[in-house]
Amino acid sequence: MDYDYGYLKQQIFNLTSIDLNAYKERQMKRRIDTLIDKHGIKGYDKYVQALKADKALFEEFVNYITINVSEFYRNPEQWKIIDEQIIPELISKFGKNLKVWSAACSTGDEPYSLVMALSRHIPLGQIHIIATDLDKQVIAKAKVGLYADRSIAAVPPDLKKKYFTQVGPSYKISDEIKARVEFREHNLLKDTYPSDCHLIVCRNVLIYFTEEAKDAVFAKFQKSLKPGGVLFIGSTEQIINYKDLGYTRKSSFFYEKPR
């Protein structure tokens, strides 16, 4: 049997339901080959056998291919638009009980940032964020809520003082912020999406996907939004064919489903 990258992709899908066909092949293959070489394993077939036998190796693999680079208030100028324009407009259209989804939420930096941003406009008790990620390890880290100094560098000073406590060299986010976020495992490529969302945030994840996979995800986000709802994407991304997918563009990185 020819144990090529195609074989590996099929085996990984069988094991994890992660469809590597949706990722840019050269980039992802290079990442996986580097990981296999690190363990001194020869061949994709031997690596698949090792993944089936070793839980720690399996979890390392999932963590490694689901790229987790995140920080609070990443690209602060965009969060200023969220604070000054997007949230007030959503409240004026839908009221304060907003349904917000942080997709591919990584270690929780983004959904917790959303709670803090919303808290300037809505009482904390009314805020509820659905936060999803493919990787259960990063969800576990998110639930702990402990972050390095560099991760919270862009948090506005008043919010940092109010909602973070220093623990040794790290910072722990307050339980009252954590309580507003519901974490779930979710695969953007195969699982059912939440419906009737007023705001969806998915940033700097789809850059690793093929153009076909990106379009499929953006189309599903559009269906998940209520008319008048907004999609917030990353600073490294753009939706060139946004009109074809049923969006209007509010500004760079913000797309609306027309009412």
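All residue numbers in this chain count up from 1 along the given sequence. Because the structure is predicted, anything quoted here is derived from the model rather than measured.
Ring-plane geometry between Y147 and F164 is classed as perpendicular, the angle between the planes exceeding 60 degrees on a 0 to 90 degree scale with a lower cut at 30.
In this model, a donor atom of one side chain and an acceptor atom of the other lie less than 3.5 Å apart for D83 and H121.
In terms of heavy-atom proximity, G228 sits nearest to E256 at O-OE2, 3.4 Å.
For E84, the side-chain hydrogen bond (donor to acceptor under 3.5 Å, both in side chains) criterion is met by no residue, not counting sequence neighbours. By the side-chain hydrogen bond (donor to acceptor under 3.5 Å, both in side chains) test, D33 pairs with K29, Y44, sequence neighbours left out. The side-chain contact (heavy atoms from CB on, under 4.5 Å) test applied to D45 returns Y3, Y7, not counting sequence neighbours. Scored by the side-chain contact (heavy atoms from CB on, under 4.5 Å) test, E60 finds L35, K38, H39, L57 as partners (sequence neighbours excluded).
Judged purely by atom type and a 3.5 angstrom limit, R180 uses its side chain to pair as donor or acceptor with the backbone of G125. Between the side chain of K99 and the main chain of S195, a donor-acceptor pair closer than 3.5 Å is present.
Counted within 6.0 Å of CZ on R26, heavy atoms from surrounding residues, nucleotides or ligands total 12 or fewer; the atom is thus considered open.
Pairs passing the side-chain hydrogen bond (donor to acceptor under 3.5 Å, both in side chains) check and including a residue from residues 217-237, sequence neighbours excluded, read N75-S235, N204-T236.
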Under 3.5 Å, sequence neighbours excluded: what are the donor-acceptor pairs made by side chains of residues 150-161?
unit_1: D158; atom_1: OD1; unit_2: R120; atom_2: NH2; d: 3.0
unit_1: D158; atom_1: OD2; unit_2: R120; atom_2: NH1; d: 2.9
unit_1: D158; atom_1: OD2; unit_2: R120; atom_2: NH2; d: 3.3
unit_1: K160; atom_1: NZ; unit_2: I152; atom_2: O; d: 3.4

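Remark: R31 is not positioned above the aromatic ring of F61, lacking an NZ or CZ atom under 6.0 angstrom from the ring centre and at most 45 degrees off the axis.
Ring centroid separation for the pair H186 and W101 comes in under the 6.0 Å cut-off.
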